[in-house]
Protein chains: 2
Amino acid sequence: MNISEAAKLSGLPAKTIRYYESIDLLSPPQRSANGYRHYQKADINYLCFLRQARQFGFNIEQCRLLLDLFKNPQRRSTEVHQLVSDKLEEVDTHIRELGETRDLLAQLVGACANDEKAECAIIDTLAGQQEQGQILGESKQ
Amino acid sequence: MNISEAAKLSGLPAKTIRYYESIDLLSPPQRSANGYRHYQKADINYLCFLRQARQFGFNIEQCRLLLDLFKNPQRRSTEVHQLVSDKLEEVDTHIRELGETRDLLAQLVGACANDEKAECAIIDTLAGQQEQGQILGESKQ
DNA sequence: CTAAGCCTTACAGCAACAGGAAGGTCAAGA
DNA sequence: TCTTGACCTTCCTGTTGCTGTAAGGCTTAG
């Protein structure tokens, strides 16, 4: 099948499939006489695998490792487990950091008068704890 | 003061300061006779403001808007409030999505035997589904 | 014969910088 | 005076994971 059919079956854009090939994440498929890429069932499986892995948040290098494991009948499940555990930790860290940011933003939102005046606690906070009378950005030319 | 001093005081790398200037986030500073950038106190305040805003997760365009408000004594705090509220919502959405990913990853980790055998529920899951929304919990093995 | 709808490659661009090359400037020390 | 090292400058490339667009070739239907 041609690339657009592979794209439809795998759920990945044709562009992305070509891109994965260009970075050697996928091995080059067969080509028809006219130069068109020609995909087979196994290729579709790899593409689906990659789409899923990307949806789970794995980056390209992690996908490369996972795909290698997928293709390797001699793999040990503990290797896969390790990769996914690491990713889980990574995502947890990210969530924690974002949570802190969210709380800070919520504080800002709560502190702002939200009215027609220029005075704004958010601006003051972002500007840093300047001394009174020295709130810059409003002073000087 | 020169750029390295401005960098030290603002907490931003000199590279970043030049970058902000190059994208017109900062207006070009004065130059000394030798061509060196020369910063003043107000510039440092803008830099600090931008560093803070970036730390709060605002992207460059949002920083641009915030900085405009910062510089504008005729601003209404409600405008600032709106920007920050939007950002808060954005971050909340992101956290929710990441949370879903995390839960799915945790399910994968829990489902894997984590041993020396090749059989691996994670691999099966990543390979198995071709339709979205069918990520976990299907029988199939 | 032409138009559409595929396919190909190759280059540009997104965010938000970081790294490095190549070269100019400045202050201090031998 | 010369040299060294620490600054500074601009310009170019690379990062991640694609997406958009251009310019052109192939295929099929009318």
Side-chain angles (χ1 to χ4, degrees), chain A residues 1-40 43 46-67 87 90-91 94 97-98 101, chain B residues 1-26 28-40 43-44 46-67 87 90-91 94 97-98 101:
Chain A
M1 74 191 77
N2 284 344
I3 197 168
S4 67
E5 182 73 5
K8 205 186 325 178
L9 289 181
S10 68
L12 288 173
K15 270 278 189 198
T16 300
I17 297 175
R18 289 197 200 93
Y19 171 67
Y20 286 172
E21 184 189 333
S22 80
I23 59 171
D24 292 319
L25 181 54
L26 290 170
S27 42
Q30 294 176 341
R31 298 276 184 146
S32 313
N34 57 13
Y36 289 13
R37 288 173 180 80
H38 184 67
Y39 294 92
Q40 286 166 330
D43 298 316
Y46 299 152
L47 289 170
C48 288
F49 183 91
L50 288 173
R51 179 180 53 74
Q52 287 276 28
R54 290 287 296 129
Q55 274 186 329
F56 271 92
F58 294 98
N59 66 27
I60 295 291
E61 286 316 305
Q62 292 162 340
C63 285
R64 201 184 295 276
L65 297 174
L66 285 170
L67 190 57
K87 188 70 197 178
E90 202 180 294
V91 170
H94 195 176
E97 290 169 355
L98 269 183
T101 296
Chain B
M1 73 190 79
N2 285 343
I3 197 168
S4 66
E5 182 74 5
K8 203 185 331 176
L9 289 181
S10 67
L12 288 174
K15 272 277 190 198
T16 299
I17 297 174
R18 289 197 199 93
Y19 171 67
Y20 286 172
E21 184 188 333
S22 80
I23 60 171
D24 292 319
L25 181 54
L26 289 170
Q30 294 177 342
R31 298 276 185 146
S32 313
N34 57 14
Y36 289 12
R37 287 172 181 81
H38 184 68
Y39 294 93
Q40 286 167 329
D43 298 315
I44 304 305
Y46 299 152
L47 290 169
C48 288
F49 183 90
L50 288 173
R51 179 180 52 74
Q52 288 274 29
R54 291 288 295 128
Q55 275 185 329
F56 271 90
F58 294 99
N59 66 27
I60 296 291
E61 286 315 306
Q62 292 162 339
C63 285
R64 202 185 295 276
L65 297 174
L66 284 170
L67 189 58
K87 187 71 199 178
E90 201 179 296
V91 170
H94 195 177
E97 291 169 356
L98 270 183
T101 297

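What you see below is based on every heavy atom in this structure, not just the backbone, and it leaves out hydrogens, waters and symmetry mates. Letters A, B, ... are given to chains in the order of the sequence lines, protein chains preceding strands, and every chain is numbered from 1.
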J.: Judged by atom type as modelled, is there a donor-acceptor pair below 3.5 Å linking the side chain of A/N2 to the main-chain atoms of A/S4?
T.: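 No, the answer is negative, given that no donor and acceptor are paired below the 3.5 Å cut-off.
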
J.: For a quick test of your reading: what N or O donor-acceptor pairs under 3.5 Å do the side chains of residues 55-65 of chain B make, sequence neighbours left out?
T.:
residue	atom	partner	partner atom	Å
B/N59	OD1	B/E61	N	3.1
B/N59	OD1	B/Q62	N	2.8
B/E61	OE1	B/R64	NE	3.0
B/E61	OE2	B/R64	NE	3.4
B/E61	OE2	B/R64	NH2	3.2
B/Q62	OE1	B/N59	N	2.8
B/Q62	OE1	B/K87	NZ	3.2
B/Q62	NE2	B/E90	OE1	3.2
B/R64	NH1	B/I23	O	3.3
B/R64	NH1	B/D24	O	3.0
B/R64	NH2	B/I23	O	3.2

J.: Which residues in residues 12-21 of chain A have a heavy atom closer than 4.0 Å to any atom of DNA chain D?
T.: A/P13, A/K15, A/T16, A/Y19, A/Y20

J.: Report yes if at least one side-chain N or O of B/S4 is closer than 4.0 Å to OP1 or OP2 of D/dA6; otherwise report no.
T.: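 The answer is no; no side-chain N or O of B/S4 sits under 4.0 Å from OP1 or OP2.
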
J.: Is there side-chain contact between A/L50 and A/L67, with at least one heavy-atom pair below 4.5 Å?
T.: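 When only atoms from C-beta onward are counted, A/L67 and A/L50 do touch, with a gap below 4.5 Å.
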
J.: How sharply is the helix from C/dC1-D/dG30 to C/dA30-D/dT1 bent, taking the axes over five pairs at either end and rounding to 10 degrees?
T.: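 The value is 40°.
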
J.: Using ring pair (Phe, Tyr, Trp, His ring centres under 6.0 Å) as the criterion, list what pairs up with B/H38, not counting sequence neighbours.
T.: none

J.: May I ask you to test the A/L9-A/M1 pair for a side-chain heavy-atom distance under 4.5 Å?
T.: yes

J.: In whole angstrom, what separates A/M1's CE from C/dC6's C1'?
T.: 16 Å

J.: By nearest nucleotide on DNA chain C, pick out whichever of A/R37 and B/N59 is the more 5' one.
T.: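 Going by which nucleotide is closer to the 5' end, it is A/R37.
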
J.: Give a yes/no answer on whether the side chain of B/R31 brings an N or O atom under 4.0 Å of OP1 or OP2 in C/dT25.
T.: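 Negative; the distance criterion is not met.
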
J.: Could you list the residues that satisfy salt bridge (charged side-chain N to carboxylate O under 4.0 Å, His left out) with A/R37, not counting sequence neighbours?
T.: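 Partners of A/R37 by the salt bridge (charged side-chain N to carboxylate O under 4.0 Å, His left out) criterion, ordered by chain and then number, come out as A/E21.
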
J.: So, does B/R51 get its side chain near the phosphate of C/dA16, meaning an N or O under 4.0 Å from OP1 or OP2?
T.: no

J.: For nucleotides 26-28 of chain D, tabulate all protein N/O to nucleotide N/O atom pairs closer than 3.5 Å, reporting atom names and distance.
T.:
residue	atom	partner	partner atom	Å
D/dC26	O4'	A/Y36	OH	3.4
D/dT27	OP1	A/N34	ND2	3.1

J.: Applying a 4.0 Å non-hydrogen cut-off, can you work out what A/I3 is touching in the nucleic acid: base, sugar-phosphate, or nothing?
T.: sugar-phosphate

J.: Please give, in whole Å, the distance from C/dC17 C1' to B/I23 CD1?
T.: 9 Å

J.: Between C1' on D/dC18 and CD1 on A/I60, what's the gap in Å once rounded to a whole number?
T.: 8 Å

J.: Side-chain contact, heavy-atom cut-off 4.5 Å: B/L47 with B/I17?
T.: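 In contact.
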
